[in-house]
Every structure is written in structure tokens, then in C-alpha cells.
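Both backbone and side-chain heavy atoms feed into the values below; hydrogens, waters and symmetry mates do not. In this text the structure is predicted, and so the values were computed from the model without any measurement.
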Amino acid sequence: MYHKFLLLLISVCFFGCKSENKERAIDFSKDRDFRIINVFNEKKYADFKNRLPDNISPDAESQESFVFYSYLSLKPNNDFTFLIGNHFMYGTYSVINKDEILLKSAEFGELPLKIIKEENNCIQVYGDFKAYKSDMMLELDGNTNYYLNLKTDFEALGKENDIRSLPFNQWRFKPVQPETEEEIKQRLVLNLKYIAAYMRVHMYGDFNGIHTAGIHSPFLYARNGLFLYEWNRVPPFWKHVFYNEKDAEKAYKILKKTFNNVDAPTFIDNWLAYNESCLRAVIKKLEEDEI
């Protein structure tokens, strides 16, 4: 009897230890690109936990448009980029263990992210975003702790279309003083190249859809081509890419002059592909023309 009890005890211990040491299916040391599909402040998280626990599962996806284009991208050289809404952050990261990474940004300081849960190729992380402010992360009563749901459904992108890379996002860094017309033109070109790459990624990246909230621009996208809005209809976000509204209007005038003189490419019966083709033609003309 004693031997049977001892054998049972060893078996329980063995299986218990095996369970505790079971490796996670997802960890920061292996998976490097994540789409941000939900954000919870602590108050909302606690409320859902009591009333609607399924709403805070790691695979719970927000209905907001930011889920189509927000991401955490961890590069093999330990650089990272982070975008939620349209607020960009970059820096370096280190893997503390398989459950935690430390983001380091010159602008926003250190930001540890800890894996809390996993489910259906999604992970939920927790961190203090005290220095990073976003419209999707509203601070309540001084509490800056948030839970983020991350999904590992991003395909690897070629360098020529890696919209999550730092070079593709240089236009996001607002100038600290008015720019020359040549500098304005270069900022404009970088912005348009990002928009074109965003379109191409969604054409060939196995996405279920595209959301134009991720590519604020002065254009109306239509099946039969790209249309330039009148100045008073250009979205404010696009104007904020430039130092002030005066510089933004200069950029618009440069764009309008080029837009009115570029030949439309051969029609493609695919609105996204044709819009991207039209945009590439505009970019090419902009780069060729002198101010």
C-alpha cells in the first residue's frame, strides 16, 4: 500500500512539474510582429472581468478602425516600432525572458510589457504607458496602466514595403521649424510612399480588408481612380504632417500641380491596385519635377 501511495505521489509531482514548465506557444523571443487588436485601461478591464469576461480574452478584437493598422514590430537587430491609432514610437528592445520585453525609447523612456494570457495565436500584455499618449489610450485619474491584445497574423514584409520600418515612417516626425519648399516636397514624397506601400501590403499580405483610417491623405479613393480633395476638404491629420497649415498648403499646391499634369496609368479592374498604381505615377512625377 505504501509503495502504491508513493508511486501515485511521484506521478502527481511529475505531471504537476511538467505542467508548470510547459513552454508558451507564443513568446517574445520567437514572434516578432504583432497587430494590436484591442486596448483596455484598468477600469474597463476590471469591469469586463466581472460582467463580460469573454470581452477581455486575448483574442477579443475591438471594433475600432485602429486594429487594421496598429502594430508592435520587433526587429531582429533589436529595434522596435510601435503604432497605435496614428501615434508612432520607436527605439530598441530587450527580451527579459520569454514572458516579458523591455521597450526603450529616447522620447518615451522605458516600457516593460509582460505577457498575461494567451489564446488562439493572440497574447495579452500589460504595461505602464505613462509617457506615451494616444487617443486610443486615454488616461483616467492618473492611471496609465493598460492591457493590449496582440495578434500574430502579420505576414513578413519585404523591405520595399515594410510600412512598420523606421525609414518608412520618417514623415511622422513633425518638423520643429518651417521647412523650405524642397524639404516640404521630400516630406510629401515620403508620406505618399508610405500610403502606396500600405496599399500594396494590403493587396498581397493576405488581409481580409483595408481600412483607409490608417492612411490619412488628401485623396478620395474610388474604383475608377484617385481623386484629389479640394483644400478645404483635406483631413486635418494630413495637414498635421507638416510644420503648420501654411506649410501643409504649400505641400498641397505642389501635389495639385503635379497631380493635374500626370498621365493616368492603364486602368486595372481592382480599386486598390489601380489607386496604388495612380499614386506611384504621382510619386514618380513628383520626384522627377523640380520645384
Side-chain angles (χ1 to χ4, degrees), residues 10-42 44-46 48-49 53-62 66-67 69-84 87-132 134 136-137 143-159 162-166 205-207:
I10 292 172
S11 299
V12 169
C13 181
F14 174 77
F15 286 114
C17 293
K18 184 176 181 181
S19 176
E20 288 178 1
N21 292 330
K22 183 181 178 181
E23 290 190 2
R24 293 179 180 272
I26 302 171
D27 65 65
F28 284 128
S29 65
K30 295 178 182 177
D31 298 276
R32 299 188 180 276
D33 285 308
F34 305 91
R35 186 164 58 94
I36 301 172
I37 61 171
N38 221 328
V39 179
F40 310 95
N41 57 43
E42 287 194 321
K44 183 177 180 180
Y45 191 89
F48 279 162
K49 188 175 182 179
D54 288 346
N55 287 17
I56 55 169
S57 62
D59 60 347
E61 190 163 327
S62 171
F66 74 83
V67 305
Y69 57 90
S70 300
Y71 57 79
L72 168 62
S73 180
L74 307 174
K75 305 299 182 185
N77 65 353
N78 287 95
D79 288 343
F80 82 88
T81 54
F82 181 98
L83 181 78
I84 185 163
H87 194 191
F88 186 72
M89 174 169 58
Y90 74 99
T92 60
Y93 74 94
S94 55
V95 178
I96 298 173
N97 53 55
K98 290 181 179 180
D99 294 340
E100 188 173 1
I101 62 168
L102 180 65
L103 306 181
K104 297 180 181 179
S105 165
E107 184 175 1
F108 302 109
E110 294 188 351
L111 204 166
L113 291 179
K114 175 79 174 176
I115 293 182
I116 304 300
K117 301 176 186 174
E118 294 180 26
E119 192 172 314
N120 298 328
N121 292 323
C122 297
I123 62 174
Q124 187 170 89
V125 298
Y126 177 79
D128 185 354
F129 291 77
K130 55 182 174 292
Y132 177 87
S134 168
M136 308 301 163
M137 304 172 78
N143 189 332
T144 54
N145 295 320
Y146 294 89
Y147 297 85
L148 273 62
N149 285 358
L150 310 178
K151 192 168 186 177
T152 60
D153 65 351
F154 260 145
E155 295 294 329
L157 305 178
K159 290 182 180 179
D162 187 359
I163 56 173
R164 304 191 296 277
S165 68
L166 186 56
D206 198 27
F207 285 80

Student: Looking at every heavy atom in both Phe40 and Asn55, which two are closest together, and how far apart are they?
Tutor: CZ-O, 3.4 Å
Student: Between Tyr146 and Thr144, what is the shortest heavy-atom contact and its length?
Tutor: CD1-O, 3.2 Å
Student: Identify the two heavy atoms, one from Tyr69 and one from Leu83, that lie closest to each other, and give their separation to 0.1 Å.
Tutor: O-CD2, 3.6 Å
Student: Rounded to the nearest 0.5 Å, what separates atom OG1 in Thr81 from atom NZ in Lys75?
Tutor: 5.0 Å
Student: Ring-plane angle category for His87 and Tyr132, please: parallel below 30°, perpendicular beyond 60°, tilted otherwise.
Tutor: parallel
Student: Name every donor-acceptor pair, under 3.5 Å, that has one atom in a side chain of residues 100-115 and the other anywhere in the protein, sequence neighbours excluded.
Tutor:
from, atom 1, to, atom 2, distance (Å)
Ser105, OG, Tyr90, O, 3.4
Ser105, OG, Glu107, N, 3.2
Ser105, OG, Phe108, N, 3.1

Student: Does Ala60 offer a backbone N or O that forms a donor-acceptor pair with the side chain of Asn38 under 3.5 Å?
Tutor: yes
Student: If you measure from CG on Asn121 to OG1 on Thr152, what distance do you get to the nearest 0.5 Å?
Tutor: 4.5 Å
Student: Quick check for you: to the nearest 0.5 Å, what is the distance between Ile36 atom CD1 and Ser62 atom OG?
Tutor: 11.5 Å
Student: Establish, from distance only, whether the side-chain atoms of Asp99 and Asn97 form a donor-acceptor pair under 3.5 Å.
Tutor: no
Student: Before you tell me yes or no, could you show the steps for Lys117 and Tyr126 under side chain to side chain contact (heavy atoms under 4.5 Å, CB included), namely the whole-Å CA-CA distance, both residues' side-chain angles and the distance that decides it to 0.1 Å?
Tutor: CA-CA 10 Å; Lys117 301 176 186 174; Tyr126 177 79; over 6 Å; no
Student: Test your reading of the model: is there a side-chain donor-acceptor pair from Asn78 to the backbone of Tyr93, 3.5 Å cut-off?
Tutor: yes
Student: What is the minimum heavy-atom distance between Phe34 and Ile123, and which atoms define it?
Tutor: CE2-CD1, 3.9 Å
Student: Please verify the inter-ring angle class for Phe129 with Phe82; under 30° counts as parallel, over 60° as perpendicular, anything in between as tilted.
Tutor: tilted
Student: What distance do Asp128 atom CG and Asn145 atom CG have between them, rounded to the nearest 0.5 Å?
Tutor: 4.5 Å
Student: Closest heavy-atom contact between Asn120 and Asp59?
Tutor: ND2-OD2, 2.7 Å
Student: Which atom pair, heavy atoms only, marks the closest approach of Val67 to Glu61?
Tutor: CG2-OE2, 3.8 Å
Student: Can you tell me how far CG of Leu150 sits from OG of Ser70, rounded to the nearest 0.5 angstrom?
Tutor: 11.0 Å
